[in-house]
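Worksheet: the structure to be examined is printed underneath.
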Amino acid sequence: MNTFTKLSLTAAATALIAGSAMADGHAQKWDMPMAYAATNYHSEQGVVFADKVREYTGGAIDITVHPGGSLFGGGDIKRAVQTGQVNIGERFMSAHANEAPLLGWDNLPFIATSYADNAKLWAVAKDTVNAQLSDLNMVALYTCPWPGQGFYFAKEVNSSADTQGVKFRSYNSATATFAEELGMIPVQIEAAELAQALATGVASSFISSGSTGYDQKVWEHLSHYYKVNAWLPRNYVVANKQAWDALDAEVQAGIMKAADETAASCAAKSEELSDFYFTELEKNGMTVTDASPEFLAELEAIGAKMTAEWLETAGADGQAIIDAYKAAN
Ligand code: PCA
């Protein structure tokens, strides 16, 4: 057989594999629960990812995105993927740091506060974090950053003297600790339920990006946003390990190609939108400003304490991430 014939046969076989998944009815339908609003860029990029997966797997994997916590609430998505109730899903990574401390790598105050630094931190954390996800029966596909985190309040706040007794919506245990250090009363609430919590007075402050304030129209209840830019946390998209292992290598490669491309486009979208969100908050009547030097100094002191606590729970693996990050800078 000459080289040309061999190559043609290989090409034909590849086409057959991709085609057979469809023709033999082997196309798999995967439901993908996502936690945030359908119009949020994370969810829109989830749809971009699903389209790419369909294309790069020759139709073998057909993902339907369910945004806004509509299929599983944000707090239930990880378990749904781990147990195979769904084959794929998206979740806010540091929400699970109470169970697996390493997953709080992106919730360390004032360590990596730009997109470039956040990407560097992820680059050094990735292998360890993905191994942790694997231990939890999940295969990491891609992560995507939120813009920098700042504080929302229903009044002007200049220091912790103004935050005592304020009801605070937290999104993980680290932010609950942060709130307690400021004398606030934390309650964990999903972004999808945030507007209702603010409307009913369950919470009147929270830490988040401009993105979630914009999605939830928080100007209807709150007046001030302080651009602290404490950290840029990430959402992650994961597959169930058994569902993943059952796929042909070609199909896995197609999904990974889609994941790598979506990781890049999603991070770019996040950065591109970050100022837009602030403009929208202001347009809708909010005061968007830097924290006062006094408040910022208090936040930095609390932040240093939080990082020290994280290092205690995340152990040598956590320390190795911080050391590698510092060495890379
Ligand atoms: N928005 C999400 C997580 C981080 C962010 O910016 C939220 O508030 O739930």
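All values derive from a computational prediction rather than experimental measurement. All ligand and atom numbering here is 1-based and tracks the order in the structure.
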Distances under 3.5 Å, N/O of ligand 1 against N/O of the protein: list each pair and its distance.
unit_1: ligand 1; atom_1: 1 (N); unit_2: Ser208; atom_2: OG; d: 3.1
unit_1: ligand 1; atom_1: 1 (N); unit_2: Thr212; atom_2: OG1; d: 2.6
unit_1: ligand 1; atom_1: 6 (O); unit_2: Gln149; atom_2: NE2; d: 3.0
unit_1: ligand 1; atom_1: 6 (O); unit_2: Ser208; atom_2: OG; d: 3.2
unit_1: ligand 1; atom_1: 6 (O); unit_2: Ser209; atom_2: N; d: 3.1
unit_1: ligand 1; atom_1: 6 (O); unit_2: Ser209; atom_2: OG; d: 2.6
unit_1: ligand 1; atom_1: 8 (O); unit_2: Arg169; atom_2: NH1; d: 2.9
unit_1: ligand 1; atom_1: 8 (O); unit_2: Ser208; atom_2: OG; d: 2.7
unit_1: ligand 1; atom_1: 9 (O); unit_2: Tyr36; atom_2: OH; d: 3.3
unit_1: ligand 1; atom_1: 9 (O); unit_2: Arg169; atom_2: NH2; d: 2.8

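- Inspection of the Asn284 and Lys217 side chains reveals no N or O donor paired with an N or O acceptor under 3.5 Å.
- Put simply, the residue from Asn172, Thr175, Leu108 that forms a side chain to side chain contact (heavy atoms under 4.5 Å, CB included) with Ser94 is Asn172.
- A side-chain donor-acceptor contact under 3.5 Å links Ser211 and Asn40.
- For Arg234 and Asp106, the salt-bridge test fails: no basic side-chain N is under 4.0 Å from an acidic carboxylate O.
- Considering every non-hydrogen atom in both Ser274 and Tyr115, the closest pair reads CB-OH, 4.1 Å.
- Note on residues 79-105: pairs passing salt bridge (Lys or Arg N to Asp or Glu O under 4.0 Å), not counting sequence neighbours, are Lys78-Glu99, Arg91-Glu190.
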